K.L.:
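What follows is a single structure, and I will ask about it in a moment.
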Amino acid sequence: MNKEFKRTEYCGELNIDDVGRQVVLNGWVNRRRDHGGLIFVDLRDRTGIVQLVFDPKHNNDSFELAQQLKNEWVIGIKGKINKRPEGSENLKIPTGEIEILVDKLTVFSRSNILPFNVNEEEDVDEYTRLRYRFLDLRRPRLQKNIELRHRVSQIVRKYLSDSGFWEVETPMLTRSTPEGARDYLVPSRVHKGKFYALPQSPQLFKQMLMVSGIDRYFQIARCFRDEDLRADRQPEFTQIDLEASFIDEEDIFSIVEGLMYSIFKGALDIELTLPFPRMSYREAYTRFGTDRPDIRYDTELYDVSDVLNKISFPPFQDKEVIAIRVSSRGNITRKGIDELTDSARALGAKGLAWLSLQDEPRGPFSKFLNGHILDRLKTITNSDKGDLLLFIADEPGIARVTMGRFRLEINRRFFQPNTQYAFLWIVDFPLFSFNKDENRIEAEHHPFTSPKDEDIYLLETEPLKVRANAYDLVLNGVELGSGSIRNSDPEMQKRVFSILGIDEADAYKKFGFLLEALSYGAPPHGGMALGLDRIVAIMAGEESIREVLAFPKTQNAFCPLTEAPSDVDENQLKELGISIRKEEVL
RNA sequence: GGGGCCGUGGUGUAGCCGGUUUAGCACACCUGCCUGUCACGCAGGAGAUCGCGAGUUCGAAUCUCGUCGGUCCCGCCA
């Protein structure tokens, strides 16, 4: 790089106090305004924009060169910081009181015609944005998000390091483990026919680090899961993973609360209120139909089965009937009801019944109601005249979960959140859940979670009633992370495996290294993993974690920029001892 | 695997419901003019077989079906 044009400072950091100084600036041409006898250029770097002035009377060579400049050319300039003439200040930008009168200009590189306008915040088709992600990343929105993410990462490192956690890296090439998500596999050349797996999380390694006496571990860890994508799910994502020894749940809560406090204070200058509220898994499902309730909104679910099973309205017969109150919306139109019904159906509801509480209640089953039933309904749902009640009926458990999803739609449609950030701990998770499709018991969290002491006696007899030392952190209805106190006793770990249908031989084959480690003096330990992408996305006000990832993939896990995944050479496959089964591909 | 929405010059969109237009507009691009703009302005120009395929029709960007891609959701995600 030409030393003469070595940058002395950034564009966006200059202000009125700098007037009179000579500077060298480097950056991209954000926009050129050519007045014929005078040219203005907005020069942009990651800090912002500053206005350059090219005046032929001041330096004609630079002026003539500036006539050629186009958007996104990369240039360097030498010049003097001037106060703008009276009346020509631009108060919309931070550097709007000053401008740079350019002495010399050099063009570092030119740009092709752009696939989209980098200097405008218009919504571009997401495929095109990803295809040209290097340009998309120049725009302020993503620059801000990437910077925010950087700041959060730095705060996490400092906070956890200051709290005695050591940052330890664990293998990316590891072994495939049963249960959990589908693995991304990596074929081994040396061991033909065998595969590594990319980690779904560093779970087993961090537990072994506890056995190793590391005592407190953390990692900003990339994790891989080959499952279908969502706005908040990418095939590779990042967890703030931590584990500590000789601790209990309360220790984890206060460490993580302190961490979140530091993140929000340090990156957004927002002071969170601690401690975060807690809610049991059971209460969350009862009141909100989900284990990650968005408590920014007051709306709740009400079980009105007992009352409405009695009336002669066929959809309610022998069904679980769950109601939700939409306060002061009793005046909804027929069209409004139809729209709600459509969205409820899209979320899995068989239908949507409604009741508008007027002087005379209106709705599809209002004629079956008497005064007593109506009063009971109003009491249970805490509703009054002018309110709208909506009902979903289905098999027990189903109606509640469906209404839980529909509640989010109701909130979006009718209400403003009460607060910007609503954190919530979900505690007392069950240790197991029953998978109907596969007709077997599964780990609700993961197979290494310990049961609550007081429920251990139920393990073999009523395993589904056993509660776990497991917890989730929820923010605005998003699961930010989950964790647990692990089984540090190999005998307990074996009991849990056995209930999961993993017999002893099987357990040793698949997790022997962990069981072995636990048998050489394992401290009580537990930890948590928090989704960094999700945290940053919420802080940035983004709906999708793609907006806080530099190079995300599309919903079918394709990268339009690199065109991954791709074919590979036949030779590469041969070295790995792999052949593609054409009939499976086509 | 399933459902919803979207696909029109390089980009963003109008037109599509109720079929017949020279497919309109803005930004970007090209040529020229312009000394205080900051979404600079003015004059002119080039650029689109309307994602792809089939069907209905005298006639399809517009209606139907299929397909590809994007996105949101359900399933899946210990």
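Given the structure is predicted, the values throughout are model-derived calculations rather than measurements. When reading the values below, keep in mind they use all heavy atoms of this one structure, side chains included, and skip hydrogens, waters and symmetry mates.
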K.L.:
Over all heavy atoms of both residues, which pair between Gly37(A) and Pro56(A) is shortest? Give the atoms and the distance, please.
P.N.:
O-CD, 3.1 Å

K.L.:
More 5' along RNA chain B: Asp437(A) or Asn71(A), using each one's nearest nucleotide?
P.N.:
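This one resolves to Asn71(A).
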
K.L.:
Is Lys57(A) touching bases, backbone alone, or none of the nucleic acid, heavy atoms closer than 4.0 Å?
P.N.:
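Base contact.
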
K.L.:
Show the nearest heavy-atom pair for residues Ala231(A) and Ser544(A), with the distance to one decimal.
P.N.:
O-OG, 3.2 Å

K.L.:
Quick one: label Gln203(A) by what it contacts on the DNA or RNA (base, sugar-phosphate, nothing), any heavy atom closer than 4.0 Å.
P.N.:
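Gln203(A): base contact, heavy atoms under 4.0 Å.
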
K.L.:
Taking only heavy atoms on the protein side, list every residue of residues 552-562 of chain A lying under 4.0 Å from any atom of RNA chain B, sorted numerically.
P.N.:
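When residues 552-562 of chain A is checked for heavy atoms under 4.0 Å from RNA chain B, the hits, listed by number, are Thr554(A), Gln555(A), Asn556(A).
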
K.L.:
What are the two closest heavy atoms between Leu561(A) and Arg131(A), and how far apart are they?
P.N.:
CD1-O, 3.2 Å

K.L.:
Which residues within residues 122-141 of chain A lie with some heavy atom under 4.0 Å of an atom in RNA chain B?
P.N.:
Glu122(A), Asp123(A), Val124(A), Asp125(A), Glu126(A), Tyr127(A)

K.L.:
Considering every strand shown, what is the Watson-Crick or G-U wobble mate of C65(B) when both distances are under 3.5 Å?
P.N.:
G53(B)

K.L.:
Could you write nucleotides 40-53 of chain B as a row of B, S and -, 5' to 3', where a protein heavy atom under 4.0 Å of any base atom gives B, of only sugar-phosphate atoms gives S, and otherwise -?
P.N.:
B-------------

K.L.:
Looking only at heavy atoms, what is the nearest atom pair of Phe558(A) and Pro565(A), with distance?
P.N.:
CD1-CD, 4.1 Å

K.L.:
Evaluate the side-chain proximity of Ile535(A) to Leu475(A): yes if any heavy-atom separation is below 4.5 Å, no if none is.
P.N.:
no

K.L.:
Looking at every heavy atom in both Asp103(A) and Asn59(A), which two are closest together, and how far apart are they?
P.N.:
O-ND2, 2.6 Å

K.L.:
Is Lys92(A) near enough to A39(B) that one of its side-chain N or O atoms lies under 4.0 angstrom from OP1 or OP2?
P.N.:
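So the side-chain polar atoms of Lys92(A) do come within 4.0 Å of the phosphate oxygens OP1 or OP2 of A39(B), strictly under.
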
K.L.:
With a 4.0 Å heavy-atom cut-off, tell me which residues in residues 219-233 of chain A come close to RNA chain B, sorted by residue number.
P.N.:
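Output list: Arg225(A), Glu227(A), Asp228(A), Arg230(A), Ala231(A), Arg233(A).
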
K.L.:
Ignoring hydrogens and angles, answer whether the base of U11(B) and the side-chain atoms of Glu120(A) contain a donor-acceptor pair closer than 3.5 Å.
P.N.:
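Counting by modelled atom types and ignoring angles, no donor-acceptor contact under 3.5 Å is found here.
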
K.L.:
Look at Lys319(A) together with Glu395(A) and state whether they make a salt bridge at an N to O cut-off of under 4.0 Å.
P.N.:
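Here Lys319(A) pairs with Glu395(A) in a salt bridge, since their nearest N and O are under 4.0 Å apart.
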
K.L.:
With a 3.5 angstrom cut-off on both distances, give the Watson-Crick or G-U wobble partner of C25(B), or none if there isn't one.
P.N.:
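The base-pairing partner of C25(B), which may sit in any strand shown, is G12(B).
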
K.L.:
When we call it a touch if two heavy atoms are under 4.0 Å apart, what does Thr177(A) touch: a base, just sugar-phosphate, or nothing?
P.N.:
nothing

K.L.:
Look at all strands and tell whether Pro85(A) reaches a base, only sugar-phosphate, or nothing, counting heavy atoms closer than 4.0 Å.
P.N.:
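Base, at least one base heavy atom under 4.0 Å.
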
K.L.:
Show every ring-ring contact (aromatic ring centres under 6.0 Å, His included) that has at least one partner inside residues 468-507 of chain A, sequence neighbours left out.
P.N.:
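The answer is Phe253(A)-Tyr471(A), Phe497(A)-Phe511(A).
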
K.L.:
Provide, to the nearest angstrom, the distance between the CD atom belonging to Glu542(A) and the P atom belonging to U71(B).
P.N.:
15 Å

K.L.:
Answer with base, sugar-phosphate or nothing: what part of the nucleic acid does Glu89(A) contact at a heavy-atom distance below 4.0 Å?
P.N.:
base

K.L.:
If I take atom CG in residue Asn112(A) and atom C1' in nucleotide U11(B), what distance separates them, rounded to the nearest angstrom?
P.N.:
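Whole-Å distance recorded here is 16 Å.
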
K.L.:
Categorize Ala181(A) for me: base, sugar-phosphate, or nothing, with a 4.0 angstrom heavy-atom threshold over every strand shown.
P.N.:
sugar-phosphate

K.L.:
Please report the distance, rounded to the nearest Å, between CD1 in Ile49(A) and P in C38(B).
P.N.:
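Distance, rounded to whole Å: 14 Å.
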
K.L.:
Quick one: label Glu99(A) by what it contacts on the DNA or RNA (base, sugar-phosphate, nothing), any heavy atom closer than 4.0 Å.
P.N.:
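Base, at least one base atom sits under 4.0 Å.
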
K.L.:
Could I get the full list of ring pair (Phe, Tyr, Trp, His ring centres under 6.0 Å) partners for His35(A), not counting sequence neighbours?
P.N.:
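His35(A): ring pair (Phe, Tyr, Trp, His ring centres under 6.0 Å) contacts with Phe40(A).
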
